[in-house]
Student: 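A single structure is presented below for examination.
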Amino acid sequence: NKDEKMEFKASIKMDPGYEKCLQYIRENTIDEKYLTLPLTVSFNQVLRGTQGGMYIGPSTISHLTGKSDFNGYQVLFTFSQTLLELVKAKEYRAIETLLSVLNIKYIFYNSDDFYKYFPHFPYEHVREYLLGNDSYNVFLGNLAITKKQSFGNLYNLYEVNNDVYFPRIYI
């Protein structure tokens with residue numbers, strides 16, 4: 001019947017703050033790599049929408065901004081377990097060196113409490129090393145990074161300080 005109203009709902013409506021974050025990243029002319037936290041086991045990113053929907057899938061930073069993004073344990077292979085062991089040992093200077101070797105200049109941190117929604121997948125292995133927002137805040141607080149920008153209450157972008165970051169090609 002053509003008089004019936006059809007209504008479609010998107011499974012996720014993106015947070016306007018996150019949209020601003022993606023726009024900011026897309027407009028950044030510097031093409032260094034990103035690390036997305038919280039770190040998942042797989043290559044998936046978790047993102048909560050404004051209407052209760054959840055996105056679990058490939059990096060939105062990579063696919064919507066064209067920037068390179070490490071957003072999971074498996075994506076960091078062959079350095080993934082090394083990174084987690086350095087986190088456990090609280091070897092922050094070594095972590096900074098590893099970030100530099102991987103050419104990671106920016107860290108994106110979504111401080112939403114995903115563990116309450118997903119107590120296992122996609123965080124099960126990483127949770128042995130980093131638990132919840134408190135651990136991530138301690139982790140970030142001990143790195144030589146500077147908060148570049150916040151987008152709303154959840155989305156934070158940090159920049160690795162120049163004194164510890166050495167790009168592969170520089171003059």
Side-chain angles (χ1 to χ4, degrees), residues 5-77 80 83 87 95-96 99-100 102-124 126-127 130-162 165 167:
K5 180 180 174 187
M6 293 189 71
E7 186 175 340
F8 297 95
K9 292 186 179 184
S11 58
I12 180 172
K13 182 176 179 189
M14 194 178 294
D15 184 320
Y18 190 66
E19 288 180 19
K20 288 178 184 172
C21 180
L22 289 174
Q23 179 179 353
Y24 182 85
I25 291 170
R26 183 176 32 255
E27 292 173 354
N28 186 357
T29 57
I30 299 173
D31 195 27
E32 275 88 349
K33 295 178 179 151
Y34 289 75
L35 173 67
T36 292
L37 301 176
L39 199 60
T40 62
V41 173
S42 60
F43 56 86
N44 290 313
Q45 175 186 11
V46 179
L47 184 65
R48 184 164 52 122
T50 60
Q51 298 175 330
M54 296 290 243
Y55 169 80
I56 300 177
S59 167
T60 56
I61 290 174
S62 288
H63 291 288
L64 298 177
T65 70
K67 306 292 184 179
S68 297
D69 178 35
F70 295 105
N71 66 325
Y73 176 84
Q74 292 175 345
V75 178
L76 288 165
F77 183 81
S80 49
L83 174 62
V87 168
I95 293 167
E96 293 164 358
L99 294 176
S100 184
L102 294 172
N103 205 28
I104 295 172
K105 177 67 173 171
Y106 300 102
I107 299 173
F108 168 74
Y109 175 50
N110 181 349
S111 64
D112 202 347
D113 189 12
F114 292 111
Y115 292 153
K116 71 180 179 183
Y117 304 111
F118 301 99
H120 301 291
F121 180 82
Y123 300 108
E124 61 268 10
V126 177
R127 285 185 75 170
L130 286 163
L131 287 169
N133 293 341
D134 290 338
S135 289
Y136 278 99
N137 287 330
V138 168
F139 172 70
L140 292 168
N142 281 292
L143 294 176
I145 59 175
T146 304
K147 186 180 271 191
K148 192 155 176 73
Q149 185 89 24
S150 289
F151 303 89
N153 296 329
L154 299 176
Y155 314 111
N156 301 289
L157 189 61
Y158 298 87
E159 182 175 17
V160 176
N161 295 347
N162 287 334
Y165 175 76

Student: Would you say the side chains of Gln23 and Glu27 form a donor-acceptor pair under 3.5 Å?
Tutor: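 Judged by distance alone, the side chains do pair up.
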Student: Check the side chains of Ser150 and Asn156 for a donor-acceptor pair under 3.5 angstrom, ignoring hydrogens and angles.
Tutor: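 Checked: Asn156/Ser150 side chains pair up, N/O donor to acceptor below 3.5 Å.
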Student: Are Tyr34 and Phe108 an aromatic pair by the rule of ring centers under 6.0 Å?
Tutor: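 No, ring centres 6.0 Å or more apart.
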Student: With heavy-atom distances below 4.5 Å as the criterion, would you say the side chains of Phe121 and Val41 are in contact?
Tutor: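 No, too far: nothing below the 4.5 Å cut-off.
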Student: Considering all heavy atoms of both residues, which atom of Thr50 and which atom of Pro16 are nearest to each other, and what is their separation?
Tutor: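 For Thr50 versus Pro16, the nearest heavy atoms are CG2-CD, 4.0 Å.
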Student: Run through Asn110, Asp112, Asp15 and flag the one making a side-chain hydrogen bond (donor to acceptor under 3.5 Å, both in side chains) with Arg48.
Tutor: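 Running side-chain hydrogen bond (donor to acceptor under 3.5 Å, both in side chains) over Asn110, Asp112, Asp15 with Arg48 returns exactly one hit, Asp112.
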Student: Before you tell me yes or no, could you show the steps for Ser59 and Asp69 under side chain to side chain donor-acceptor pair (under 3.5 Å), namely the whole-Å CA-CA distance, both residues' side-chain angles and the distance that decides it to 0.1 Å?
Tutor: CA-CA 7 Å; Ser59 167; Asp69 178 35; 2.5 Å; yes
Student: With side-chain contact (heavy atoms from CB on, under 4.5 Å) as the criterion, how do Leu143 and Glu96 come out once you've worked through the C-alpha distance, each side chain's angles and the decisive distance to 0.1 Å?
Tutor: CA-CA 7 Å; Leu143 294 176; Glu96 293 164 358; 4.0 Å; yes
Student: Taking the side chain as C-beta and beyond, is there a heavy-atom pair between Leu102 and Lys33 under 4.5 Å?
Tutor: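 Counting from C-beta outward, Leu102 and Lys33 never come under 4.5 Å.
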Student: Would you tell me whether Asn161 and Lys105 have side-chain atoms, one donor and one acceptor, within less than 3.5 Å of each other?
Tutor: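 Checked: Asn161/Lys105 side chains show no N/O donor-acceptor pair below 3.5 Å.
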Student: Nearest 0.5 Å, what's the CZ-CD distance between Arg26 and Glu19?
Tutor: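 It is 9.5 Å, given to the nearest 0.5 Å.
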Student: Does the Thr65 side chain pair with the main chain of Ile61, one donor and one acceptor, at a distance under 3.5 Å?
Tutor: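 Yes; at least one donor-acceptor contact below 3.5 Å.
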Student: Does a donor on one side chain sit under 3.5 Å from an acceptor on the other, for Tyr106 and Asn28?
Tutor: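 Checked: Tyr106/Asn28 side chains pair up, N/O donor to acceptor below 3.5 Å.
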Student: Write down the atom of Ser42, the atom of Pro122, and the distance for their closest heavy-atom approach.
Tutor: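 Looking at all heavy atoms of both residues, the shortest contact is OG-CB, 4.2 Å.
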Student: How many angstroms lie between atom OH of Tyr55 and atom CE of Met14, to the nearest 0.5 angstrom?
Tutor: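 Reported to 0.5 Å precision, the distance equals 8.5 Å.
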Student: Measure the CD1-OG1 distance between Ile56 and Thr40 for me, rounded to the nearest 0.5 Å.
Tutor: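 Nearest 0.5 Å value for the CD1-OG1 distance: 9.5 Å.
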Student: Can a side-chain donor-acceptor contact be found between Thr60 and Gln45 if the only test is distance below 3.5 angstrom?
Tutor: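 There is such a pair between these side chains.
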Student: Rounded to the nearest 0.5 Å, what separates atom CD in Glu32 from atom CD in Glu159?
Tutor: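 So the gap between those two atoms works out to 8.5 Å.
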Student: Does either side chain, that of Asn103 or that of Tyr165, offer a donor lying less than 3.5 Å from an acceptor on the other one?
Tutor: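 Yes, Tyr165 and Asn103 have a side-chain donor paired with an acceptor closer than 3.5 Å.
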Student: Could you give the distance from CG (Leu157) to NZ (Lys147), rounded to the nearest 0.5 Å?
Tutor: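 That separation rounds to 10.0 Å.
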Student: Is there a side-chain contact between Tyr117 and Val46, using heavy atoms and a 4.5 Å cut-off?
Tutor: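 Result no, sub-4.5 Å side-chain heavy-atom pair not found.
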Student: Which one of Leu37, Leu35, Thr36 satisfies the side-chain contact (heavy atoms from CB on, under 4.5 Å) criterion with Phe70?
Tutor: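 The passing option is Leu35.
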Student: Does Phe151 have its ring centroid less than 6.0 Å away from the ring centroid of Tyr18?
Tutor: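 Phe151 vs Tyr18: aromatic centres not under 6.0 Å.
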Student: Say you draw a straight line from CG of Leu83 to CD1 of Ile104; how long is it, rounded to the nearest 0.5 Å?
Tutor: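 Rounded to the nearest 0.5 Å, the CG-CD1 separation comes to 8.0 Å.
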Student: Tell me if the aromatic rings of Tyr109 and Tyr158 count as close, with their centers under 6.0 Å from one another.
Tutor: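 No, the ring centres sit 6.0 Å or more apart.
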